[in-house]
Number of protein chains: 2
Amino acid sequence: MNKIQIENKLSQYGHRPTAARLEVVEALLNFHGHMTADDLYEHMQSTGSSVGRMTVFRTLDLLAEIGVVRPTYQGSGAAHFVLLEDGHHHHLVCMRCAQTVEFAECSFAEDLSQQLAEKHGFKIEGHLLEIYGVCKKCQAG
Amino acid sequence: MNKIQIENKLSQYGHRPTAARLEVVEALLNFHGHMTADDLYEHMQSTGSSVGRMTVFRTLDLLAEIGVVRPTYQGSGAAHFVLLEDGHHHHLVCMRCAQTVEFAECSFAEDLSQQLAEKHGFKIEGHLLEIYGVCKKCQAG
DNA sequence: CCTTGTTTTGATATAAAATATCACCATGGC
DNA sequence: GCCATGGTGATATTTTATATCAAAACAAGG
Ligand SMILES: [Zn+2]
Ligand SMILES: [Zn+2]
Ligand SMILES: [Zn+2]
Ligand SMILES: [Zn+2]
């Protein structure tokens with residue numbers, strides 16, 4: 001999902017694709033991997049952006065609402081946002097040290113999605129699969 | 001997963017199944033669904049427990065470390081803990097109002113688990129599948 | 001263009017949640 | 001019992017998130 005697509009999605013949902021929001025989107029796409037709102041804000045600061053902290057928080061919330069990102073909890077107290085490429089995201093998380101490894105393989109069946117949508121009246125737009133385990137380093141320690 | 005099994009798991013991992021911890025476990029099992037640490041603490045208070053707030057936080061962290069619960073983020077600022085029955089948990093979340101619906105159907109393939117374990121050196125112990133969508137009420141509004 | 005109503009922004013203030021500290025208590029091995 | 005280790009809980013502190021509000025940006029209509 002690129003900047004243009006996200007811009008369109010914002011418009012679709014009646015939110016203006018303002019300069020500040022697009023700066024956040026740009027930073028989000030450049031900043032690879034998981035990040036907290038403050039991580040992203042500080043990264044933007046370091047590249048000379050003048051977008052405020054509140055706008056970063058609000059834009060991430062907005063992007064979560066329209067299904068571009070999703071907040072997850074990685075044990076640090078702050079929400080970590082992950083990009084939902086093509087609507088989904090998958091990662092392994094170490095239960096001890098919170099190290100995460102992303103992977104592309106998707107085992108989510110489309111028919112289960114439909115079945116759940118009907119059963120619960122939801123319009124389904126994406127998913128996150130988190131697998132828990134213990135990483136090599138923590139198995140040794 | 002019942003109280004005894006969790007008690008054994010604590011011991012297995014070298015943590016004492018103290019009275020305070022078991023009270024938290026008991027409350028956790030009674031309190032159905034998702035909850036924040038403070039939700040659980042307040043619930044315990046209301047039932048006359050004298051276990052302190054810190055112990056509730058610490059016990060939940062401990063249980064997360066051994067795979068009994070998992071913190072998730074549901075947009076409220078506080079971590080929501082879900083019980084990993086038999087190692088896994090699945091729910092639908094509304095992207096607008098954060099309403100959640102749990103479901104039992106599991107589409108996670110065992111062979112993918114093995115494949116990932118080998119590839120990344122993880123010892124896999126469970127998973128969470130979060131499906132995002134818009135609930136009936138929010139579709140209407 | 002201007003005017004006007006609406007949305008967005010960002011500084012600041014506030015509230016909420018998580019973590020650190022530390023003295024005390026409980027437990028288990030010696 | 002005595003010591004070493006681990007666990008507890010009150011409190012203080014830090015970190016995150018949210019509320020507030022005046023100013024700025026914008027869209028629409030005249
Ligand atoms: Zn690890
Ligand atoms: Zn997927
Ligand atoms: Zn909803
Ligand atoms: Zn499952």
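Convention: sequence-line order gives letters A, B, ...; per-chain numbering from 1. These figures come from a predicted structure and were not determined experimentally.
If one axis is set at each end of the helix from C:dC1-D:dG30 to C:dC30-D:dG1 from five pairs, those axes are 40° apart, to 10°.
Heavy-atom minimum distance, A:Y41 versus A:V51: CE1-O, 3.4 Å.
Annotation: side-chain contact (heavy atoms from CB on, under 4.5 Å) contacts of B:D86 (sequence neighbours excluded): B:H88. B:Y132 meets the side-chain contact (heavy atoms from CB on, under 4.5 Å) test with A:R70, A:L84, A:L128, B:V93, B:M95, B:E130; sequence neighbours excluded. Under the side-chain contact (heavy atoms from CB on, under 4.5 Å) criterion, A:D111 pairs with A:A109, sequence neighbours left out. For A:E23, there are no salt bridge (charged side-chain N to carboxylate O under 4.0 Å, His left out) partners, not counting sequence neighbours.
Between B:H80 and B:H34, the ring planes lie perpendicular to each other; the angle is over 60°, past the 30° to 60° tilted range.
Aromatic ring centres of A:H89 and A:H127 lie farther apart than the 6.0 Å criterion allows.
With hydrogens and angles ignored, the 3.5 Å screen pairs no side-chain donor or acceptor of B:N30 with any backbone N or O of B:A27.
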Protein proximity profile, nucleotides 15-25 of chain C - base contact B, sugar-phosphate-only contact S, no contact -, cut-off 4.0 Å on heavy atoms: --SBBB-----
Sugar-phosphate or base contact per nucleotide [nucleotides 2-7 of chain D; S, B, -; heavy atom under 4.0 Å]: ---BSS
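Distance B:L22 CG to C:dT27 P: 12 Å, rounded to the nearest Å. In this structure, B:L60 places its CG atom 16 Å from C1' of D:dG9, rounding to the nearest Å. Between A:L63 atom CG and C:dT8 atom P the separation is 13 Å, expressed in whole Å.
Residues of residues 40-48 of chain A having a heavy atom closer than 4.0 Å to DNA chain D: none are found.
The shortest distance between side-chain heavy atoms of A:M35 and A:E42 does not fall below 4.5 Å.
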What donor-acceptor contacts under 3.5 angstrom involve side-chain atoms of residues 52-68 of chain B, with partners at least two apart or in another chain?
unit_1	atom_1	unit_2	atom_2	d
B:R53	NH1	B:D38	OD1	2.5
B:R53	NH1	B:D38	OD2	2.9
B:T59	OG1	B:T55	O	2.7

Return all side-chain donor-acceptor pairs below 3.5 angstrom for residues 11-22 of chain B, not counting sequence neighbours, or 'none' if the list is empty.
unit_1	atom_1	unit_2	atom_2	d
B:S11	OG	B:E7	O	3.3
B:T18	OG1	B:R21	N	3.2
B:R21	NH1	B:R16	O	2.8

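Judged as a salt bridge (charged side-chain N to carboxylate O under 4.0 Å, His left out), the pairs with a partner in residues 25-35 of chain B (not counting sequence neighbours) are, in order, B:K3-B:E26. Within the structure, every pair that satisfies the salt bridge (charged side-chain N to carboxylate O under 4.0 Å, His left out) test and touches residues 119-129 of chain B, not counting sequence neighbours, is listed here: A:E105-B:K119, B:K123-B:E125.
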